[in-house]
Amino acid sequence: MPDDSTISDPANDAAHDPVDFDEQAPAPGRDPADPLLDDLTPPQREAAVHVDGPLLVLAGAGSGKTRVITRRIAHLVLRVGIAPWNILAITFTNKAAGEMRQRIAQLVSERQSRALTVCTFHSLGVRLLGQYGHHLGLPSAFSIYDSADQQRAVKTALEALEISTSNFPPAKILQTISAAKNDMVDAPAFAASASDFFTKTVAKVYTKYQEILQNNAALDFDDLLFKVALLFKHHPEALAQLQQRFQYILIDEYQDTNHVQFVIAHALAAAHQNICATGDPDQAIYGWRGANIRNILDFETQFPNAKVVRLEQNYRSTGNILAAADALIRNNRHRKHKSLWTENETGEPVRLVTSDDERQEARYVVERMQELHDKEGMPWNSMAVFYRINSLSRVIEEEFRRAVVPYQIARGTAFYDRKEIKDAIAYLRVVSNPADEVNLLRIINTPTRGISDGTSKVLQAHAVARHTPLFEALHTAALSTGLNARALASVTRFAKALDGWRAEAGLGSDVPGTLVGSSLRGFVERVLRESGLEEHSRTDKTDTDGERLANLGELISSVQQYEDELAAADEPELTLAAKLQGYLTQVSLVADVDSVSADQGAVTLMTLHAAKGLEFPVVAIIALEDGLLPHQRARGNEQEMEEERRLCFVGITRARRRLFMTRARQRTVFGQRMPTIESQFMRELPAGAIEVVDDQASDPWQADESRFAGLSDQRRQAHDMAGQFPPGQMVRHPQFGLGRVLTITTAGAQTRAQVAFNTSGVKTLVLQYANLERVSRT
DNA sequence: AGTTATTAAACGAGC
DNA sequence: TTTAATAACT
């Protein structure tokens, strides 16, 4: 949390920040020559000079929303004289928060911009809970569980309740729990309303899951919001304090807020009603995450007397791009009509490209971008490729690499998903919060140190029997029977190591943590070394040329960078423990887009979801195919289909000058080549704004022939095998019994068959291993 | 205890 | 194509 001081009583804040307000304008927004306002259009200005009372800015794509927001904040500070620490601006990602603060800094002073609170709902949650959490009985330091941690916690809960994971997939349970939390339904309430078998089971898991989180001093993402809402509900004095502090509230991307977020915002604004929401219902794309589009549609009902400003002129895109976007979004039936218009030039037509397969599609995109770069001098960082699902990035990536074109992928979390990085973080989490058993169990034998699965189970049982945390049980392991000397020695050594690190961090039991100024980087290096992770990564045989070790190096630089930022932000000297905790929080809250930087000089690859709020002169949206965009899972669900269309709309409206929308006739999914169907969205684009391109191979027959000519003997055999099991063929499997072949495909040397068995359902089998037997029909 | 081989299953988007 | 869980092996 390098951005701001802690949230405290406004009176104190007022005392220690002597900003001068000599230069106040006579009256808000009256000065026609005001440089803050004179380049704004009338509706933009109307929103920017609004001071008190609720304000809703319905901002169409590319209508200068960010400009309005930053000007309004600057106006509040410079012209109205509102103290910057009384302003709270909530953005969708931390990166957006950083950029907004930076843009405001160019209008107000550096130090004034630093006094603003600009953050996401989740980081606001972390900060409020850090400060007021004790009211709810929360520990002062808690772990934040990401979805992997959540998954493990749910699995533990299922195990404890003796529920089979095959009937109740953890992911589905988590989704249900998450939805409940977003609607502010806690475990008892959920249990009370559970009617069917599935919900009743989830209710049990929900209860157990919360118990685990609590014992581990951990919160999941949803808790970061839910607990804040509960704090406001049960502790009005804390809420009153915050209402005092945050006199002016601004929430961006309001169309993607969920119920808890609404409750939080509503509570904070209840007293003064100075809430400004900005957003666009046509860009609501997070319904699956619990976002409720009604929040923005019902704003005027929730906040009576709200002023509504519509921004409908687009300054970003060419006429053709905007025409395509508008025509597409008009197909959504559940939508308030909104006209989007522009005075920009018509520009090039939107190109709809059909290639033979995904490789050719990727090549097409890369070649066009190279062309634009070489012939028109378009910088790499002005171009972007969007796709519906992450797995589509691979082919594109390969082609960029082959063409030696610099690119970056917006997957900030991918780095932290690597095994060695997760392990390293797990060590740090345990040091910071030894109650965190999910992470403790992760590292207890990683790298292997002689504590087997069995030993670990014994320790856990020991802990349960003695009603102590697992961390405690490590120290008292000698008291438990059944551990041999060797195992015991290993456990003791591990416990000693943990104690040593905690002592250095000032978290040990005997020394109170008052160490100030020591280097977090040095500490992390020590943990990596002494834990054996570094050595393990160095000698890992499965590692491809030292990549793991390099990743650990990168982790250390990220720690260093965090410390540098703290120093730059003039943070008062922090204890090592505080720095550690701050670093872990930051790591937990990184978003995928947070990793993209404009000055990389590289083409950006990202999902359509991540593209929200960004813009690029050149954009390619790939894989406009039925089942991918719109996605398979939205089929037959009108609401979801409309969300898919909005997603496509968001992608289109990111483009300023050039837009390519591509599709492949055949695509390899799950290692299987499948013919594709053009996305319906392609057909919804207006003929006048598009140009259809058929990117066909010069001689498709030749391509097909060569595919067969190149077959090895193994592959030929695979093809022969496929011939023996045509769809419809009855077969017998040693375990699954009788069944009927549904589909058959060859991929490389393998032949896969989908078989519907009479008793065990549909299975996908690899014929080379499956011992399938042909059965003739009788 | 720990490593390696095999096999099944996953993939929807993310704070 | 990659990952997670399980079996087999050292």
Side-chain angles (χ1 to χ4, degrees), chain A residues 90-97 119-126 144-148 150-152 155 165-166 169-171 175 178 182 219-225 253 256-258 260-261 285-291 386-395 398 410-414 417-419 445-456 484 486-487 490 540-542 585 587-594 606-612 627-635 640 643-644 646-647 650-651 668-672 735 747-748 750 752 763-766 768-770:
Chain A
I90 294 181
T91 58
F92 203 68
T93 62
N94 286 304
K95 178 170 179 262
C119 61
T120 64
F121 267 111
H122 288 89
S123 36
L124 180 71
V126 171
I144 300 169
Y145 276 5
D146 63 17
S147 37
Q150 287 179 285
Q151 196 104 7
R152 292 170 81 115
K155 279 185 186 159
T165 52
S166 51
Q175 211 183 338
S178 172
N182 283 331
L219 298 178
D220 63 22
F221 283 121
D222 303 313
D223 284 337
L224 295 179
L225 307 173
E253 308 286 7
D256 284 321
T257 52
N258 62 29
V260 207
Q261 291 170 333
I285 54 174
Y286 281 91
W288 52 274
R289 210 167 81 184
F386 303 152
Y387 34 81
R388 174 68 235 261
I389 59 176
N390 276 306
S391 59
L392 290 171
S393 72
R394 189 182 305 136
V395 193
E398 282 169 10
R411 283 205 82 184
T413 54
D417 282 343
R418 292 173 217 264
K419 219 174 295 156
N445 199 32
T446 308
T448 48
R449 54 168 65 86
I451 305 177
S452 74
D453 226 37
T455 306
S456 154
N484 62 42
R486 217 168 70 180
S490 304
D540 191 339
K541 279 179 219 121
T542 62
T585 301
V587 164
S588 299
L589 297 180
V590 286
D592 279 0
V593 273
D594 290 352
M606 63 173 86
T607 64
L608 285 161
H609 281 92
K612 184 170 83 159
L628 280 172
L629 180 63
H631 192 267
Q632 192 93 33
R633 302 259 262 255
R635 183 171 293 163
E640 285 200 50
E643 183 157 314
E644 296 289 310
R646 290 194 293 267
L647 192 52
V650 166
T668 313
V669 192
F670 295 121
Q672 300 187 18
Q735 277 127 55
Q750 289 194 334
R752 292 209 175 105
K763 306 266 179 201
T764 300
L765 305 166
V766 176
Q768 277 78 6
Y769 306 114

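So you know, we letter chains A, B, ... as the sequences are listed, proteins then strands, and number each from 1.
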Tell me what A/Glu640 touches on the nucleic acid: a base, only sugar-phosphate, or nothing, going by heavy atoms under 4.0 Å.
base
Spell out yes or no: do the side chain of A/Arg486 and the base of B/dA1 have one donor N/O and one acceptor N/O closer than 3.5 Å?
no
Closest to the 5' end of DNA chain C, once A/Lys155 and A/Arg394 are matched to their nearest nucleotides, is A/Arg394
is_close_aromatic(A/His631, A/Trp288), centroid dist under 6.0 Å:
no
Considering only the P atoms, how many Å lie between B/dA13 and C/dA4, rounded to the nearest integer?
15 Å
Identify whether any heavy atom of A/Asn445 sits under 4.0 Å from a base atom; if not, whether one sits that close to sugar-phosphate; answer base, sugar-phosphate or nothing.
sugar-phosphate
Can A/Tyr286 be said to stack with the base of B/dA13, given centres closer than 5.5 angstrom and planes under 30 degrees apart?
no
What contact category does A/Glu644 fall into here, base, sugar-phosphate, or nothing, at under 4.0 angstrom with non-hydrogen atoms?
base
Neighbour count >12 (heavy atoms, 6.0 Å) for atom CD, A/Gln151:
yes
For A/Gly454, which contact category applies under a 4.0 Å heavy-atom criterion: base, sugar-phosphate, or nothing?
nothing
Provide, to the nearest angstrom, the distance between the CD1 atom belonging to A/Ile389 and the P atom belonging to B/dA13.
6 Å
So A/Thr455, base contact, sugar-phosphate only, or nothing? Heavy-atom distance under 4.0 Å.
sugar-phosphate
